[in-house]
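Small disclaimer: the values here were computed from a predicted structure and weren't measured.
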Amino acid sequence: MLEFLADNNFGDTRSGDGLAGPMALLLILLLAAATVFLIRNMNQRLKRLPETFDSASMSDGAPTDLPAVPDPR
């Protein structure tokens, strides 16, 4: 039992095809593609915003196109 616990298993004990490298590359490429698509989508949304907002509609703090929420008090 003591010999089993003292056995050095820190050498080359892999018994697979070594997929860690290609899988990591695939994951990095997928994350990079998702980031590019998110940035493009956010840029499109920012381009659709008006240059300035109407100060009259922003004076009460609530948008005019949404119904007002009644006060729960």
Side-chain angles (χ1 to χ4, degrees):
M1 177 71 176
L2 190 57
E3 292 174 15
F4 175 73
L5 293 175
D7 197 17
N8 186 359
N9 268 343
F10 295 113
D12 187 20
T13 58
R14 288 191 302 173
S15 63
D17 294 332
L19 286 178
M23 289 299 286
L25 177 64
L26 178 66
L27 181 64
I28 289 171
L29 291 176
L30 286 174
L31 287 173
T35 304
V36 167
F37 285 128
L38 286 172
I39 290 171
R40 287 180 59 199
N41 187 11
M42 187 56 66
N43 282 336
Q44 289 175 356
R45 289 177 180 269
L46 286 173
K47 286 178 185 176
R48 283 187 265 167
L49 284 176
E51 288 293 322
T52 59
F53 291 99
D54 186 20
S55 62
S57 66
M58 300 297 284
S59 64
D60 60 356
T64 57
D65 59 341
L66 296 175
V69 178
D71 193 15
R73 289 186 262 165

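In this structure the side chain of Arg45 reaches within 4.5 angstrom of the side chain of Asn41, judged on heavy atoms.
Leu30 belongs to a hydrophobic cluster with Leu26, counting contacts under 4.5 Å between side-chain heavy atoms of Ile, Leu, Val, Met, Phe, Trp and Tyr, direct or through other members. Applying the 4.5 Å side-chain rule to ILVMFWY residues, one finds Leu31 in the same cluster as Leu27.
Clustering ILVMFWY residues whenever any of their side-chain heavy atoms sit less than 4.5 angstrom apart, transitively, puts Ile39 in a cluster other than the one holding Leu46.
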